[in-house]
Student: 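One structure, as structure tokens, below. Some questions next.
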2 protein chains.
Amino acid sequence: MTSLDDVARAAGVSTATASRALSGRGRISAATRARVRAAAEALGYVASATASSLASGRAQNIGVVVPIMDRWFFASVLDGIATRLAPRGYDLTLYNLTDDPDQRRRLFDTSLRRGRVDGVIVLSVALTDDEIAALGGLGRPVLGLGVPRGGLPALRVDDTAVGRAATEHLLGLGHRRIAHIGQSVTTDAAGTPGRTPDVDIPTRRRRGFEAAMADAGAPAAVFVPADFTVAGGHDAAARLLDGDEPPTAIFAASDEMAYGVLTAARERDVHVPRDLSVIGVDGHDLGGLFELTTIDQFPHAQGERAAEAMLAMLGDQAAAGEGAAASDADSPRRTEASEPALPFSLVVRGTTAPPRG
Amino acid sequence: MTSLDDVARAAGVSTATASRALSGRGRISAATRARVRAAAEALGYVASATASSLASGRAQNIGVVVPIMDRWFFASVLDGIATRLAPRGYDLTLYNLTDDPDQRRRLFDTSLRRGRVDGVIVLSVALTDDEIAALGGLGRPVLGLGVPRGGLPALRVDDTAVGRAATEHLLGLGHRRIAHIGQSVTTDAAGTPGRTPDVDIPTRRRRGFEAAMADAGAPAAVFVPADFTVAGGHDAAARLLDGDEPPTAIFAASDEMAYGVLTAARERDVHVPRDLSVIGVDGHDLGGLFELTTIDQFPHAQGERAAEAMLAMLGDQAAAGEGAAASDADSPRRTEASEPALPFSLVVRGTTAPPRG
DNA sequence: CTGAAAGCGCTTACAG
DNA sequence: CTGAAAGCGCTTACAG
């Protein structure tokens, strides 16, 4: 491995000058810079990330905490983040958040604290208060995406509005007997019971559903708790469809749950959308295949936005260190955590239609 | 941030001793070790990864090169890798391989060479010779998974056997007019034309298909090139079904392509499996929803295996450095790159049946 | 088993 | 604009 000293020697300058020429920090004459860069190029020099990090305190690396990364939604967000980080020269290290308490503790108490990352983006629906506190104690920018509100600067879609939009689409078609399949939130992903109500995504979608139903004077809104999976959606729909008064429309809290609903309907020869309308949430990439009506929340774009926001937070931090020039209140680069809610959009396809009769 | 010096001071030992006590390297009295660990615990000490890496040369970090991470298959492999790395204390940094030549060059010539990773796992179907050479020049273990053969130690399934197994399942049901939808390989993912034939996955699956057809004395095997996507499968199937002699069975080179085939069939009122049998490859998580018959290749397990193999390669390297005690030939930890092929398994569901009549 | 010292390869005040 | 020097926070021969 050729080192910076090799480059400096080849260019006939000191190591310090070589460093400045290559990094662009500090004043350097154009001639010297060119000479050093040529030498670096000729020698195939690449700066050691660890040495550079240790000396500068900048890791040029963002940590991303993800639960279940083989779920399309998270993979898509991840891809969005990576898309924006790479061109800025930042690496992305992945931290998988499982349900295993020991593993979680190790993640928050050790892995994230090893100084390997400049900031952390957390994509998780369920964190304990201790975990949020641990993130705060990192002394680095932390940004949530899709995390419960409170405790963490975060980017989020207005999930109450999402629930309302989905429900109003069905109401607008003339449905009255509408059921919502969502996640029961008496326990979180880690099995920790008793989270504050009304703060997380499933709960907010449900609130939006209930509010829309109430506003429309529709009969008691039916809610069925289920896992956020195809199987969860399937089983919940089966119960509904086999019940006394099956709904004419189902609002599933995710597209994958909606796929399960479609399967349950097919098994029972309940025709969609003639006998049953179905709407999901996410904008899953296979939604077109199923002709699924959904609320797209653009996960890839969410990832891109999160990456941009993180980069801005790091920039702010750097700027703050540089002096008082940039006043925080008016700075265009100020933390985007207080940004307007992320966009979502109703995509009407073939699984929703007016009820029969 | 509390440093190792703080811990050493608190425990009343030298920094060197504190380091040994915490890392477990070198001989330490049990009493000293306990004292140091207690101090570290009390102070909430976590070693700086960058300092440790710089001093030891071990990054405790594996780089994973992935194309399109929001494709289920890759996300699943990635999850498998992460699953095995975390408990061993290794971080995982993600390198996204796009089709942009500049970005690719930067990845191989710079990012991967910054000394941030101890080894690299490459999940990609298409690398140029230059890129393979760059990986070789890293001076660190590199392991391919699903990469073309040659040039890189790699774990792989026997894709010729996969193609054969899928085809033989259809032949066994009595089909003779079978079409295969796969990827044309005159150009690779980067648009680089002219790769060596017979080395990559799509080509090998196709060879298996052709061999099985020939062995069975079946008429000229029909091959239709397409993208490895739902849309690709759909369009290719549309052409086949609208042709003069539509096949009675289609073997799609991926489950997502098979979904496209199913859609094309449905659009034409071609009933599956009565009028058309369909088989895919992968073991996609939504396969059950479509009742899709497939060749499962257990991507999550592939990721786990790849991680284990990489860890073994790193272990070997360390062992080699320790002396001649472990002879390479008999070592149980020797590189697993030459391991038996990865397993796959036929999963028969509802989309395949004997042809009519 | 333990400690003093050098070193990993950069970056960055501090002088000039 | 450039250089000498200290330092980032660990690890690891080398002695003892």
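By convention in this document, chain letters (A, B, ...) are assigned in the order of the sequence lines, proteins followed by strands, and residues within each chain are numbered from 1.
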Student: Does any residue of residues 16-25 of chain B have a heavy atom under 4.0 Å from DNA chain D, and if so, which ones, in number order?
Tutor: B/Ala16, B/Ser19, B/Arg20, B/Arg25

Student: For A/Leu85, what residues pass the side chain to side chain contact (heavy atoms under 4.5 Å, CB included) criterion, not counting sequence neighbours?
Tutor: A/Ile62, A/Ile81, A/Tyr90, A/Leu92, A/Ala307, A/Leu311

Student: For A/Ser111, which residues count as a side-chain hydrogen bond (donor to acceptor under 3.5 Å, both in side chains) partner, sequence neighbours excluded?
Tutor: none

Student: Quick one: list whatever passes side chain to side chain contact (heavy atoms under 4.5 Å, CB included) with A/Ala39, sequence neighbours left out.
Tutor: A/Val7, A/Ala10, A/Ala11

Student: Taking atom CD1 of A/Ile68 and atom CG of A/Leu97, what is their separation to the nearest 0.5 Å?
Tutor: 10.0 Å

Student: Tell me, please, which residues at least two apart from B/Ser14 pass side-chain hydrogen bond (donor to acceptor under 3.5 Å, both in side chains).
Tutor: B/Thr17

Student: Quick check for you: name the first and last nucleotides of DNA chain D, 5' to 3', having an atom under 4.0 Å from a heavy atom of chain A.
Tutor: D/dC1 to D/dG9

Student: State which residues pass side-chain hydrogen bond (donor to acceptor under 3.5 Å, both in side chains) with B/Asn96; sequence neighbours excluded, sorted by chain then number.
Tutor: none

Student: Please determine whether the number of non-hydrogen atoms from other residues, nucleotides or ligands lying under 6.0 Å from atom CG of A/Asp129 exceeds 12.
Tutor: no

Student: What residue pairs, at least two apart or across chains, pass salt bridge (charged side-chain N to carboxylate O under 4.0 Å, His left out) with a residue in residues 9-37 of chain A?
Tutor: A/Asp6-A/Arg9

Student: Could you list by number each residue of residues 26-48 of chain B showing a heavy-atom separation from DNA chain D of less than 4.0 Å, or answer none if no residue does?
Tutor: B/Tyr45, B/Ser48

Student: Once side-chain hydrogen bond (donor to acceptor under 3.5 Å, both in side chains) is applied, do any residues pair with A/Asp100, and if so which ones, sequence neighbours excluded?
Tutor: none

Student: For a stem of at least 3 consecutive Watson-Crick or G-U pairs with distances under 3.5 Å, i pairing with j, i+1 with j-1 and so on, which stems involve DNA chain C?
Tutor: C:1-3 with D:14-16, C:5-12 with D:5-12, C:14-16 with D:1-3

Student: With sequence neighbours excluded, tell me which residues meet salt bridge (Lys or Arg N to Asp or Glu O under 4.0 Å) with A/Arg105.
Tutor: A/Asp102

